[in-house]
Every structure is written in structure tokens, then in C-alpha cells.
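A short worksheet on the structure shown next.
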Amino acid sequence: MIAALSSEWLKLRTTRTLFWLLVALSALMTLIVVAGVIGSQKHSITSAKDQLDLLGIGSLGIFIALIMGLIVSTGEFRHGTITPTLLATPSRTSIVIAKALAGMFFAVALVGLAEGLVALELAIALPAKGVDFAIQGGPAAGFIGRILIAAALWGALGSGIGIVIRNQIGAVVASFAWLFIAEGLIIAILHSNAINSNAGRFFPFQATGAILTNGSRNSADILSAGGGMAALGGWMALFTIAAVVLLSRRDVS
Amino acid sequence: MIAVEDLRKRYGKTQAVDGLSFTVEPGRVVGFLGPNGAGKTTTLRILLGLVHANSGQATILGKRYSQLERPFCQVGAVLEASGFHPGRKARNHLRVLARAGHAPAKRVDEVLATVGLEGAAKKRVGGYSLGMRQRLALASALLGDPGVLILDEPANGLDPEGIRWLRDFLRSLAAEGRAVLISSHVLSEVEQTVDEVVIINKGKLVAHGSVEELKRGKDGRVRVASPQAKALEEKLAKAGFVVTEDGEALLVAGATSAQVGEIAASSSLVLHELTPLATQLEDVFLDLTSEEKT
Ligand SMILES: Nc1ncnc2c1ncn2[C@@H]1O[C@H](COP(=O)(O)OP(=O)(O)OP(=O)(O)O)[C@@H](O)[C@H]1O
Ligand SMILES: [Mg+2]
């Protein structure tokens, strides 16, 4: 298990994938922070609460973390390295868990870096705009902590989804189609008068929203932050188990 | 060391492996031969726990691959369609596998030198030629210094010099007491390397024996000419060979030229010609795997 984990860690560090994801992430964060600060009225970014929302821009890094998790797993099938990987580590469970842990670790690292960058950029951009930097350590730490937990879960979820789907492009398209299209559609159907259920709050995107929500949540349609973590953790566990079962059953040829 | 017993694997309508049994002993280099689609790769992948058989046993050192204590250090494998990340450097590819497979890190540079890739170790595999990839695959098989080697068409993409190097290398491995199972669909490629051959076709065993035994197969004939043809024919018939006339010469079925020569010498008969016919292993191979025979 430790050998498999150490090998996964080395795998990610020995390709340029992580580097390019970091570049993409930094460019994306900078773009959004700059646009967010320049494009806003002074009074709408003055309060600590408003600025905390700006800090939340870093949570977009979670999508990059998901892509990273997907690449970690599907890359093995795409390049055929799954064969040597399985020869070196015949235990399918060890491989899946090692990939989930590696996905978690690198997701936290990526999103942590993104948050650091966003905080730094805000500390420069806000005074430049003539607004005082008002974010306080306590609330910021709590918020970033929740973002990192969501990132960890998505990193592991991505690597599980990748093993289940195997095809790299298929896995990325399926994941994002679920997040931005399917989940919303299903929730709309669940909310329709005929069914009238709020089961949709347990879905991954909604659960992530629940983890990241700051302040009041007065709707029965959204879980608490802890509930969101439990729901997203459930999805992660589900895909990790599915990945173990499928990787064990399928032929690798 | 390697034991396959009544192995069966079906893909949809294709019976890829159909009741196959054979064994490989230590210190032997065994050629695993068969035409395209015979089921070689499938059998080897089952042995390595990558493909699940429908029934039967495939064990190495008495155990299934996944049940071995340190499989990567006990069995080395080169497989078709086994890949490399194009953006990873060769040396890092090996480091990744050494870590996962519990092979000592110092082996990485050793095996790179063994396969002659030390100069290209820091190049990304995406820029490798087919032959270099094959050498790298072989290097990864050797990382754990295994006693058993399973190689699926390892000569693919190697230049003549590479093939010759591989042949000598495999012989030296066998001399150290390792067992080597090497597949090919081209017999001449392994003919000079192997002690034994296992020939399969359509998932079934067609023949298993030493190269000599196969060459001596039922179609082995010797053409012999002698001014004392009559006497020679009598002596050969007495030794149990079926002799037919072929113009001036005689055709002796089921004999080697050595046997015919010895019989002639023991009776002090003069020979003008002594030619083994149809004993090209390639012919035996083609014959064994041709349509009518199955
Ligand atoms: N993953 C798969 N799905 C479906 N059929 C398969 C699969 N793998 C192999 N087969 C079929 O099983 C049979 C045996 O294939 P296999 O690859 O074992 O042959 P081979 O002896 O290695 O051939 P070659 O010399 O071409 O490498 C073929 O008919 C092939 O089409
Ligand atoms: Mg093959």
C-alpha cells in the first residue's frame, strides 16, 4: 500500500501534467480576481463578507482538482501503463486507494496554492483600487479549510470516476456534463410539482455548494456544511468502491 | 515453474484459449509459438493475472500471480500493448515501477545499462523508437531480478543486432537457472534461442517438445544417394525406416541425416548425397498450424 502510494506520488511528479494544471489554475485565478476587483463598484467589495466571497474564487480550483483526479486514473488506460502498474501492484484495492489518496493530496495542494495566490492578489488589488483589505484570519481560515476539504473529496472522486469510465475524454465530458447540465436538470424534475422532492441537495454539485456556503442557509434545499461533506464523501466512497470492483473484474488487455 | 492446466478463455464468440496445458521448467527457454490470433497474448495475460480465465489454472512458482509474495521480483514480464507515459523520462518510468514493485532503486541504472539505454535514460519516452521502447520494456521486466521471465514478442521492433543481443541475453538468463517463456509468431526469430517450443493454434496445444524433436517430426525425410543403393535400402529397411525410390536416390522417412549416415558407415557403404528434407522448423510450424490439421 505504501509502495503503491509512493509510486503514485512519483508518477505525478514525473510528467508535466501537474505543471500545466498549475499554470492553467494560476491564469484562471488571476483573470477572475483582476476582473472581479476592477469590475466591481467600490462599495460592493468593501465589507469583510464581500471580500470573503472574492476569496472564494479559489474554490474554482476544485474543478481543476477534479480534472487532475480524472487524468491520474484515465491516463493509465490511455497510455497503457495500467499493465505495468498492475504487474508491480497486483492488488486492485491498493491501486484504487493509492490513486484516491494521491488525488486527494494533489487536489489539496493545487487548491491550496490557488487560494494562496488569490489571497495575495486580493491583498495587492484591493488597496490598488482604494479599498482596505478587510479579510480576517479566523473566518478566512474556516472558509479555506472547507474549500480544501471539498477539493480533497473531489480529487479522490475524480480518480474513482476515471477508473470506472477509463476513457479520458469520456470521463471529463461525463463529469462536467453531470455538474453543469444533468444535475440541474434532475433537480428541476425533482422539484416539479409531480414529485416535489429536495433529494437533489445530496447531489455532488449541490453538496459542494453546501460545503462552501458562507453565512445563512435558510432553505430546506441546502445541506449544512457538515452534511455537504458527508454527502460528497458518500459519492467519493461509492465511486472508490465501484472502481475497486470494476478494476478487479475487468480484463486488462 | 510455470504451469498452465486446462486453461480456457472466451471473448464473446471467440474461444481465445481452449483447454491449453503445458509447463515450463527452470533453466529452460521455451518458445511459445502460434499464428496471429492463436491465443498467445491471452494466455500470457492470464498467467500474469491481467485477464481472468473462464476455467483452468495458470500458476507461476505454484501460485497465481497475485498470490505471489513479491510478484514483481519473482516474475518479469514484457507484454504487447503495455505502455509508457510519453511525457515521462525512461529512468523515471523505471523508478515508478521499482517503487511500486519493491525493487531496489539502484536496479534502475543497472537495468538501463543492461539493455543499453543509459544514454537515453533522461529522454522522454515519447521520443523513443519502437526498438528503444522494447528495450525499456525489457528493462522494466528485469528490475526485480526475477527468476521467471514472460516475454510477449520481445523481438518486435528490434534491429538484427538487437535480436542477436536478445538471444544471447536470454541464453545467459537461462544459464543462471531462470525460466523464460517467450512468444512469437515468427519461428525463425526464436529458433536459435529456445530449448523447447510450445506451439498453439486457435487456443489449443498443437505440439510441445524440443526443437530437435519437432524437426524429426513425421514429415522429416532424408534424401540419400549411393552407388550401392540396393544394399543401403536393405540396411535402412532393417533398421525400421520406410524407404522409397526417388530417381537415382532414396527417400528415407522419419530419419535424421545422422542416423542414415551412421547406418551407411557401419556397413561401409559409399554415399554421394545425404540431404535432410522438409526439416526446416518453419515448415514444421506451418504444417502444424495449417488449417487441415485443426
Ligand atoms: N480483449 C479482447 N476482446 C475480444 N477479443 C479478444 C480480446 N483479446 C483477444 N481477443 C481475441 O482472442 C483471440 C486470441 O488473441 P491473442 O491476442 O491472444 O492472440 P495472439 O496469439 O497473441 O496473436 P498475435 O500473434 O497476433 O499477437 C483472437 O481471436 C482475438 O481476436
Ligand atoms: Mg499477441
Side-chain angles (χ1 to χ4, degrees), chain A residues 1-23 68 71-99 101-102 162-163 166-168 244-253, chain B residues 9 11 16 41-42 44-54 63-73 75-103 105 124-126 133 136-137 140-141 143-144 146 150 152:
Chain A
M1 186 63 236
I2 289 174
L5 190 58
S6 149
S7 169
E8 287 301 327
W9 156 256
L10 189 59
K11 271 183 202 169
L12 253 171
R13 288 190 303 132
T14 51
T15 64
R16 284 170 294 191
T17 308
L18 206 61
F19 171 76
W20 287 115
L21 284 176
L22 254 177
V23 169
M68 189 239 11
I71 289 178
V72 162
S73 297
T74 55
E76 296 265 4
F77 298 98
R78 179 173 171 199
H79 303 299
T81 47
I82 187 69
T83 292
T85 295
L86 285 175
L87 290 178
T89 313
S91 161
R92 274 49 170 176
T93 312
S94 295
I95 289 177
V96 170
I97 293 176
K99 283 204 181 297
L101 290 176
I163 290 173
R166 291 185 284 186
N167 181 286
Q168 194 155 75
V244 170
V245 171
L246 290 174
L247 191 61
S248 305
R249 289 223 183 131
R250 283 175 182 154
D251 288 338
V252 177
S253 58
Chain B
K9 174 66 183 180
Y11 285 115
T41 300
T42 305
L44 300 184
R45 284 195 170 257
I46 293 172
L47 264 169
L48 294 163
L50 298 167
V51 165
H52 304 287
N54 295 122
K63 290 182 178 167
R64 294 217 312 273
Y65 186 81
S66 58
Q67 244 82 67
L68 291 167
E69 211 145 310
R70 282 266 188 275
F72 197 67
C73 298
V75 185
V78 171
L79 283 170
E80 275 181 335
S82 148
F84 310 99
H85 192 294
R88 192 173 284 131
K89 293 168 183 163
R91 192 166 177 281
N92 285 333
H93 174 79
L94 296 175
R95 285 174 66 212
V96 162
L97 291 178
R99 274 201 192 178
H102 303 276
R124 295 186 194 277
V125 183
R133 283 166 200 251
L136 182 57
S140 66
L143 266 178
I150 294 182
D152 197 7

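Just so it is clear: chains get the letters A, B, ... in the order the sequence lines come, proteins before strands, and each one is counted from 1. For the numbers below, each heavy atom of this structure counts, side chains included, while hydrogens, waters and symmetry mates do not.
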### Query
Partners of B:S66 by side chain to side chain donor-acceptor pair (under 3.5 Å), sequence neighbours excluded?
none

### Task
Would you check if B:V125 and B:L136 make a side-chain contact, meaning some heavy-atom pair closer than 4.5 Å?
yes

### Task
Could you tell me which portion of A:R250 (side chain, backbone, both or neither) has an atom closer than 4.5 angstrom to a non-hydrogen atom of chain B?
backbone

### Message
Checking A:F77 now: which residues fulfil ring pair (Phe, Tyr, Trp, His ring centres under 6.0 Å) with it, not counting sequence neighbours?
### Response
none

#### Entry: Portion of B:H52 that has a non-hydrogen atom of chain A nearer than 4.5 angstrom
both

### Task
Measure distances from B:R70 to the heavy atoms of chain A and classify the residue's part below 4.5 Å as side chain, backbone, both or neither.
neither

### Query
Do you know which of A:L87, A:L86, A:T81 has the most heavy-atom pairs under 4.5 Å to chain B?
A:L87

### Query
Do you know which of A:S91, A:S94, A:A88, A:P90 has the most heavy-atom pairs under 4.5 Å to chain B?
A:A88

### Row check, B:Y11 ring normal vs B:K9 NZ/CZ: under 6.0 Å, within 45°
yes

### Evaluation steps, salt bridge (charged side-chain N to carboxylate O under 4.0 Å, His left out), between A:R166 and A:E76
CA-CA 8 Å; A:R166 291 185 284 186; A:E76 296 265 4; over 6 Å; no

